[in-house]
Amino acid sequence: MGYTIAQKIIKEHLVCGEMITGKEIGLRIDQTLTQDATGTMAYLQFEAMGIDRVKTELSVAYIDHNTLQAGFENADDHRYIQTVTKKHGIRFSRPGNGICHQVHLERFSKPGKTLIGSDSHTPTAGGIGMLGMGAGGLDVAVAMGGGTYYITMPKNIKINLVGKLSDYVGAKDVILEVLRILGVKGGVGAVIEYAGEGVKTLSVPQRATITNMGAELGATSSLFPSDEVTRAFLKAEGREEDYIELSPDEDAVYDAEYTVDLSKLQPLAACPHSPDNVKSVSELSCMKINQVCIGSCTNSSMQDMLTVAAMLKGKTVHPNVSLSISPGSKQVYTMLAECGALADLINAGARILECACGPCIGMGFSPQSAGVSLRTFNRNFLARSGTADAQVYLVSPETAAASAISGVFTDPTTLGKAPSIEMPSVFKINDNLIEMPIDAEKMDEVTVERGPNIKPIPVGKAPDKDLCCELILKVGDDITTDHIMPAGTKVLPYRSNVPKLSEFCFTVCDKDFPERAKAKGGGVILGGANYGQGSSREHAALVPLYLGIKAVVAKSFARIHVANLINFGIVPMTLQNPDDYELFNEGDQIAIEGFAAAVAGKDEAVLVNKTTGKAAILKLSLSDRQRAILLAGGRLNYTKLER
Ligand code: MIC
Ligand code: SF4
C-alpha cells in the first residue's frame, strides 16, 4: 500500500510509535516558529528547561500580534523575546517584518520538512508541502530543545480539485466550500490533502490560504503537493534549492474523499459566528455593511493585495464603509509600494495598517455597535473583533473589495471581467528585519531583559483520589479558545501575566466567572462537543489552572487544546453518553469518584451529581506518556521528574 504525502513526511520524521491511525506517535521537528502573544510563555518555558541552544534546523520568533503598544507591556515582551532568542540561537523577526505565517511561507518553509508553531495557523506552510502543525508554547519549547513532538497518527482526507476558478472567485471560496462540506469538526484527527488537476491552477499563496484555514476544520494539518508551481514560488523567493518534488503514491489510501469543482464555485461567505456557517454571497447581496478588513495570515499575499488594488483603482470606498488593509509582510508591502498599487489603495480611501495581525485578533479596528464587518480573515468567533454585538462575515478579497466600493454585500462575479494582475516573477528579497542569534560561544554576553509584566507561570498538582467540588461553569458546543481566554486590546498585553489575565477568563460567556471561580477555589467545567476549538493559546489552559480548574468534562475536545490541558495538569474527560450532559447544571455539587485511579490507568470514573443524585460515566483516553504527565501535575513537573 502506498503513502499519502502526510504519511511520507511522518515516516521520515517518526521517532516513536507506530503509524496506526489513532495511536500516539512522536515526530522529529525540523523547524519551529513562535509569535509574540504565545512566544513569551514558550521562551520562559524554554529557559526553565535549562538548554543553552536550540537543537532544531531553524527556529524563528515573530512579532506580529501585540504590536499596538498601548502601554509598556507589549514593548517589554518584544524586548524579552528579542534578547532571549539572540542568546539561545533563534532568529528574531522584528516588528514590521510581517505576520508569522506569511513571512515563514516566503522565507523559510520547505517542502517535506516538519514545522510546529505556537499558533494554530502554522499549517499555512502546507501550501508549499511542509507539514506544519499548531501547538502549545510548551510543546514548541520542548521541540526547540530537540524533544519529540507527539500527535495522534492522523487519518487522511483527500479533496480532489477539478476545473479552474472563474473570474472573481478566489482561494478563500475554495476553503469556505470545504468548510461548508466538512464543518468545524470535520477535520478533527485528520490531515487534509489536496489533489487533482485543479491543484496546478493554484499559486502557492492561494494554496496557503486553503491550508491556513484547515485550522478552522479542526484538522491536524493540511497539505498540497510540491510541484512545478512550488518550484516557481521558491525560485521567485531566491530559494529554488529548497525545492523537492512531493506527491502521494498512486495507490495511497484515503479515509474519505471529496471533490470540489473549482469552475462551479461561486463567491461564499462564512456568516456569524462560525467559519462553517457558509452561504453564497449572492444570497446576502444588498445587505448594508459598515466595515471591510483585508489582510491576516490567510489573505495578505502580493496576489491578494494586487487583486484588491486593481479593483479599487480609480474608485472611492463607500462613505458608510471603513476599509482597513494590512499587507502580510514587509516583502509584500515593499513590492506594493514599488509598483504603485499602494497608491491606488490609499487613493481609494483605504486605511493602511502595518503588516501585522491587527484587526484579526481585535487589536484595533473594532466595528461599530452591531456593525456588519466583512473580513478576509479566518475566524469570526463571537466578540473576537472587539465589539460584542458585531456581525462578522468571512469573505474573499474579491468580495471584500467589491463590497467596500458599493457599501452593500456584493457578489464580485456580477462586475463582469476581472482586471488582470501581473505577479512579479522575482520577489523583493531583503531579510534585514530578521536578526540572527549570537554565536554559541558568545551567548553569555547577552543579557535577557525582562519587564515587570512577566509573572511566574502557575504549576499544576497531582490529581486527588476523588474530586469533590462545584460544577463551576456549564457551556455549550464549539466553545472556542476566544471564549475561554479572549484576546483584543484590553487583554492581549497581559499574555505574560497570568494573574491579570485571569480577570478576563470566560467573560465572553459569563462575566462573573473569574470572581466566582476564585471565591470557590475552582472546580470542574462542563462543555459540549469540540471544546477548545480555535487557537493554540495555552493561556486557555494556564489561566483556568490558575483559577483552580481541576478537570474539564466535555462531549469531545479540539486537538491542540486537549494537549494544552494535559500539559498543564488539567484532566480532560469525556462523557461516555453525550446525553448525560443534560444531567448536570452549573452550581451543582459534584464528585468525580475514582478521579486519580482513572488517570492512573482505569480510564473511567463516575461523575456524581450530589445535588440531584444523578450520575454519569466519564471516559479518559490517554497514552502512557500523557498519563505520567497528568499524574505529575503537568509537563513542567514531569520534565523535572524525568531529569
Ligand atoms: C488566533 O488567530 O486566534 C491567534 C491569536 O493567532 C492564536 C494564537 C494566540 O492566541 O496567541 C492562534 O491561532 O493560535
Ligand atoms: Fe494573526 Fe489572525 Fe493569523 Fe492568528 S489568524 S496568526 S491573529 S493574522
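Just so you know, ligand 1 is whichever comes first in the structure, and atom 1 is the first atom listed for that ligand. Keep in mind that this is a model prediction, so the values were computed, not measured.
For a threshold of 3.5 Å applied to N or O pairs, the pair formed by D482 and ligand 1 contains no separation below that value.
Between Y62 and F92, the ring centre distance reaches or exceeds 6.0 Å. Close placement of the F46 and H88 rings is indicated, their centers lying within 6.0 Å of each other.
The closest approach between a heavy atom of Q35 and any atom of ligand 1 is below 4.0 Å. Ligand 1 has R384 within reach: a non-hydrogen atom of the residue lies less than 4.0 Å from it.
Per-residue contacts place A37 under 4.0 angstrom from the following atoms of ligand 1 (heavy atoms of the residue considered): 11 (O). Proximity to S536 (heavy-atom distance under 4.0 Å) selects the following atoms of ligand 1: 12 (C), 14 (O). The contact set between ligand 2 and D119, taken as ligand atoms under 4.0 Å from a residue heavy atom, comprises 6 (S). For ligand 1, the atoms sitting less than 4.0 Å from at least one non-hydrogen atom of D119 are 4 (C), 6 (O), 7 (C), 8 (C), 12 (C), 13 (O), 14 (O), numbered in the order shown with element in parentheses. Interface atoms of ligand 1 facing T38, defined by a heavy-atom separation under 4.0 Å, are 9 (C), 11 (O).
The residues R635 and D139 are annotated as salt-bridged, a charged nitrogen and a carboxylate oxygen being separated by less than 4.0 angstrom. Salt bridge present: E216 and R379 bring a charged side-chain N and a carboxylate O closer than 4.0 Å. A salt bridge is absent between R495 and D77: the closest approach of a Lys/Arg side-chain nitrogen to an acidic carboxylate oxygen does not fall below 4.0 angstrom. Note on E73 versus K500: no salt bridge recorded, every NZ/NE/NH1/NH2 to OD/OE distance being 4.0 Å or above. Salt bridge status for D304 with K172: absent, with no side-chain N to carboxylate O gap under 4.0 Å. Ion pairing between D482 and R537 holds under the 4.0 Å rule for side-chain N and carboxylate O.
The residue from E538, H65, H539 that puts a heavy atom closest to atom 5 (C) of ligand 1 is H65.
In this structure a side-chain-to-backbone donor-acceptor pair under 3.5 Å is missing from S300 to G295.
Other residues, nucleotides and ligands place no more than 12 heavy atoms under 6.0 Å from the NZ atom of K428.
Protein heavy atom in closest approach to atom 10 (O) of ligand 1: R537 NE, 2.6 Å. Nearest protein heavy-atom neighbour of atom 13 (O) of ligand 1: S120 OG, 2.6 Å. Among protein heavy atoms, the minimum distance from atom 12 (C) of ligand 1 is reached at S535 CB, 3.1 Å.
Shown are T307, N299, I325; of these, the side-chain contact (heavy atoms from CB on, under 4.5 Å) with P397 is made only by N299.
Residue contacts with ligand 1 for R495 involve side-chain atoms from C-beta outward but no N, CA, C or O (heavy atoms, distance under 4.0 Å). In H101, neither the side chain nor the backbone holds a heavy atom less than 4.0 Å from any atom of ligand 1. At a heavy-atom distance under 4.0 Å, only side-chain atoms of I361, from C-beta outward, approach ligand 1.
Protein N/O/S atoms found under 2.8 Å from atom 2 (Fe) of ligand 2, listed by chain and residue number: C360 SG.
Side chains of Q533 and T481: no donor on one and acceptor on the other come within 3.5 Å.
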CA sep, side-chain torsions, deciding dist, call: E237, R107, salt bridge (Lys or Arg N to Asp or Glu O under 4.0 Å): CA-CA 7 Å; E237 286 290 348; R107 306 303 307 136; 2.8 Å; yes
